[in-house]
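Scope of the values below: all heavy atoms of this structure, side chains included, with no hydrogens, waters or symmetry mates.
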Amino acid sequence: MHEASRREKLRKIQELGHDPWGSRFDGQMSIGEIRAREGEIVVEPIPAGSDQREPTQHGPHVRAAGRIVLQRKKGKLIFADIRDWSGQIQLFIGRGQVGEDNWALAECFDLGDLVGVDGQLKRTKTGELTIFAEKLHFLSKSLESPPEKHHGLTDPELRHRMRYVDLAYTEGVLPRFLDRSKIVASIRNTLGAQGFVEVEGPTLHTIAGGAAARPFKTHHNALDMPLFLRIALELHLKRLLVGGMERVFELGRVFRNEGVSPRHNPEFTMLEAYQAYGDYRSMMDLTERLILDAIAATGRGYQLPWNDATIDFTPPFARHTYDELFTRHTGVDAADTVAIKKLADDIGLETAGKDPDVIKSEVFEHKVEDQLMGPVFVLDYPATICPLTKRKTSNPAVAERFELFVQGMEIANAYTELNDPDLQEQLFRTQLAGQKAEDSMAKMDEDFIRALRHGMPPAGGLGLGIDRLVMLLTNSQTIREVILFPLLRTEAKNR
RNA sequence: GAGGCUGUAGCUCAGUCGGUAGAGCAACGGACUUUUAAUCCGUAGGUCUUGGGUUCGAGUCCCAACAGCCUCACCA
């Protein structure tokens with residue numbers, strides 16, 4: 001193990017009178033800021049007749065802190081590259097320049113150590129922007145060797161289990177998660193600017209409603225009560241709409257007891273927003289605004305790379321009806337239930353005893369969704385498959401709902417919210433009757449119906465999958481690339 | 001939950017027909033005051049994921065378990 005030599009250096013650092021675990025360190029600039037000061041370097045021309053080989057430079061004095069990610073020891077000279085979350089810069093540590101005390105400390109540096117430096121910002125004779133060290137500070141020892149310096153970590157299992165190593169050393173990982181943070185902040189800003197207030201609903205539910213998914217079960221000891229982790233934010237936010245919070249949103253974690261895939265993690269982050277006196281079209285405009293602002297917040301443009309393709313987010317996003325897209329991508333008339341059933345049978349879908357709209361929806365999922373490179377708003381869904389949505393006055397068979405698809409992925413889902421308590425109760429009952437045995441824990445949320453009976457304003461409601469949005473905006477093909485700690489099985493004992 | 005692929009040094013990977021373990025980086029020792037994937041000389045590092053089996057002999061073939069990835073199912 002290499003740990004022994006690192007512990008030996010740790011002991012040496014203590015002998016030299018330094019704390020190998022460091023302490024508060026003030027007054028440093030970020031490496032990004034330091035790099036921006038390159039222009040302050042003044043180069044004096046070599047005087048005529050001088051035998052001086054290199055011109056004298058005067059640069060600003062700077063203080064930096066970071067992790068040593070590369071080191072080149074050259075006798076009485078060390079070049080070390082340190083990195084913080086804003087960038088990376090080279091240190092020049094010369095034995096004659098820093099003195100024996102600092103040199104002795106520098107000899108204890110290993111890759112991965114966190115160090116501080118005071119020095120002058122200048123360029124080396126090859127032109128590399130460099131902090132020429134004058135004083136070194138030890139901030140924290142690393143007892144583990146970093147991963148291979150060219151490739152970093154590539155094994156996805158190690159990357160997810162040891163995300164700290166992945167963030168610290170694998171190129172592009174830290175910036176991606178900083179982008180995620182900017183996207184989330186942007187969403188809050190956009191909603192705030194439009195008068196929405198942020199709330200926190202309960203994550204422990206007595207009835208897990210608001211979506212068609214199986215919940216995680218848990219238990220409260222003192223109350224001896226079964227509980228479920230929430231599968232959606234919807235039903236509590238609508239209660240707040242009843243209470244008079246006219247524009248309300250929650251950005252939070254929901255939990256669904258399902259498998260993992262490149263697009264699914266059992267816990268994921270959802271935005272839900274509700275706007276009193278709006279409808280699904282209001283939410284379409286809001287969705288577009290949220291995404292465009294998020295793109296701007298990451299400093300990107302409308303054309304975003306996605307694998308080998310490009311996604312064009314230039315507004316306005318395309319808007320097409322469900323039936324229109326159904327017919328275009330299946331070649332079958334969206335109103336021809338007989339032909340649709342035949343198509344479903346041909347694909348091998350189970351159709352016996354199913355509602356024609358359900359069959360149509362399954363065909364849509366199999367044949368159409370993958371083709372929607374988008375961004376495209378799909379609007380006006382069959383009412384049968386939308387139990388929480390208001391129907392079109394002109395055509396009760398159609399629900400005022402849209403989903404936003406990009407690269408075949410569903411990113412957002414929005415409704416003109418149903419606020420008729422009697423109809424809502426009836427639709428719930430129909431939905432519960434159709435539940436499979438394994439979903440039998442689903443129950444009628446009587447209190448939600450009671451809330452609607454007190455009068456909920458007509459409203460538009462939006463759900464937006466944050467993880468998937470971040471995937472699209474950061475060119476990440478799996479959801480695990482944008483979730484810091486994705487769910488993994490217990491670590492194998494023999495690793 | 002089902003199927004397929006993968007698992008070798010701290011990391012990234014080779015390993016032929018079944019014949020007894022290799023490289024680069026990292027580490028350790030040495031040389032080197034403008035390097036930058038530093039270079040050069042030398043050294044050390046392995047329960048080949050785990051457990052069985054076949055065989056004179058298994059990293060290699062077979063079975064099982066564990067973990068990851070992909071596809072499907074569930075779902076957003």
Side-chain angles (χ1 to χ4, degrees), chain A residues 1-6 8-9 53-54 57 69-81 88-98 103 110-112 122-130 132 142-162 165-166 169-170 210-215 231-232 254-272 348 350 365-366 369 403-405 408-413 436 438-439 463-469 471 477-480 486-495:
Chain A
M1 297 302 284
H2 314 128
E3 190 184 326
S5 82
R6 286 173 181 262
E8 175 58 27
K9 285 176 186 165
R53 288 186 184 172
E54 295 297 323
Q57 298 179 54
V69 292
L70 284 173
Q71 211 177 193
R72 296 170 292 282
K73 298 197 175 187
K74 243 183 85 70
K76 298 183 181 64
L77 196 59
I78 297 172
F79 291 94
D81 289 27
Q88 188 170 321
I89 197 163
Q90 175 171 269
L91 308 185
F92 175 105
I93 305 166
R95 184 170 187 169
Q97 287 83 345
V98 294
W103 183 253
D110 284 310
L111 289 181
K122 295 194 286 192
R123 278 184 289 263
T124 62
K125 70 182 185 190
T126 52
E128 179 83 9
L129 190 63
T130 300
F132 284 76
S142 168
L143 293 174
E144 300 276 352
S145 321
E148 211 265 359
K149 69 186 180 188
H150 320 143
H151 306 92
L153 281 184
T154 59
D155 179 344
E157 182 175 359
L158 291 178
R159 290 189 50 214
H160 300 141
R161 283 197 198 285
M162 300 198 286
V165 176
D166 193 39
Y169 298 104
T170 310
R214 280 182 286 168
I231 58 173
V254 296
F255 307 85
R256 298 190 181 177
N257 206 336
E258 285 142 9
V260 300
S261 88
R263 286 168 180 66
H264 299 84
N265 193 65
E267 52 176 317
F268 62 102
T269 304
M270 276 266 282
L271 166 71
E272 289 195 27
E350 191 73 40
E365 284 167 23
H366 274 81
E369 290 187 359
E403 294 193 3
L404 174 65
F405 282 88
M409 269 197 296
E410 184 195 330
I411 300 305
N413 186 8
K436 296 174 199 156
E438 67 218 38
D439 297 331
L464 195 153
I466 300 299
D467 313 270
R468 288 181 175 181
L469 178 64
M471 285 171 69
Q477 271 73 48
T478 81
I479 202 167
R480 290 174 227 109
L487 184 69
L488 293 173
R489 289 180 198 271
T490 312
E491 192 165 0
K493 286 172 194 147
N494 294 308
R495 279 202 71 99

Show each protein N/O and nucleotides 31-34 of chain B N/O combination with a separation under 3.5 Å, one pair to a line.
unit_1 : atom_1 : unit_2   : atom_2 : d
B/rC32 : N3     : A/Gly75  : N      : 3.0
B/rC32 : N4     : A/Gly75  : N      : 3.2
B/rU33 : OP2    : A/Lys76  : N      : 3.3
B/rU33 : O2     : A/Gln97  : NE2    : 3.4
B/rU33 : N3     : A/Gln97  : OE1    : 3.4
B/rU33 : O4     : A/Gly96  : N      : 2.9
B/rU34 : O2'    : A/Lys125 : NZ     : 3.4
B/rU34 : O2     : A/Lys125 : N      : 3.1

- Query: Base, sugar-phosphate, or nothing: which does A/Ile78 touch, judged by heavy atoms less than 4.0 Å apart?
  - Reply: nothing
- Nearest whole angstrom, please: distance from the C1' of B/rU12 to the CZ of A/Arg159. 14 Å
- Query: Which part of the nucleic acid does A/Pro146 contact within heavy-atom distance under 4.0 Å: base, sugar-phosphate only, or nothing?
  - Reply: nothing
- Reckon A/Lys122 touches a base, only the sugar-phosphate, or nothing at all at heavy-atom distances under 4.0 Å? nothing
- Message: Going by the rule salt bridge (charged side-chain N to carboxylate O under 4.0 Å, His left out), which residues pair with A/Glu403 if we only count those two or more places apart in sequence or in a different chain?
- Response: A/Arg401
- Inter-nucleotide C1' distance (B/rC17, B/rG57), Å rounded: 14 Å
- Item | Separation between the P atoms of B/rA2 and B/rA64, rounded to whole Å | 13 Å
- Message: Any base atoms under 4.0 Å from A/Asp166, or only sugar-phosphate, or nothing? Heavy atoms, all strands.
- Response: nothing
- Message: So A/Ser142, base contact, sugar-phosphate only, or nothing? Heavy-atom distance under 4.0 Å.
- Response: nothing
- Task: Taking only the side-chain nitrogens and oxygens of A/Arg480, find out if one of them lies under 4.0 Å from OP1 or OP2 of B/rC70.
- Result: yes
- With C1' as the reference atom in both, quote the distance from B/rA65 to B/rG7 in angstrom, rounded to an integer. 14 Å
- Who pairs with A/Lys9 by side chain to side chain donor-acceptor pair (under 3.5 Å), at least two apart in sequence or on another chain? A/Asp110
- Message: If you compare every side-chain N and O of A/Ser5 against the phosphate oxygens of B/rA27 (OP1, OP2), does one of them come in below 4.0 Å?
- Response: no
- Message: Rounding to an integer number of Å, can you tell me how far A/His366 NE2 sits from B/rU71 P?
- Response: 14 Å
- Its dot-bracket string being built from Watson-Crick and G-U pairs below 3.5 Å, with | for another strand and [ ] for crossing, RNA chain B has the pattern (((((((..((((.....[..)))).(((((.......))))).....(((((..]....))))))))))))....
- Message: Can you measure A/Leu158 atom CG to B/rA9 atom P for me and round it to whole angstrom units?
- Response: 11 Å
Nucleotide N/O of nucleotides 22-24 of chain B paired with protein N/O under 3.5 Å:
none

- Listed partners of A/Arg263 passing salt bridge (charged side-chain N to carboxylate O under 4.0 Å, His left out), at least two apart: none
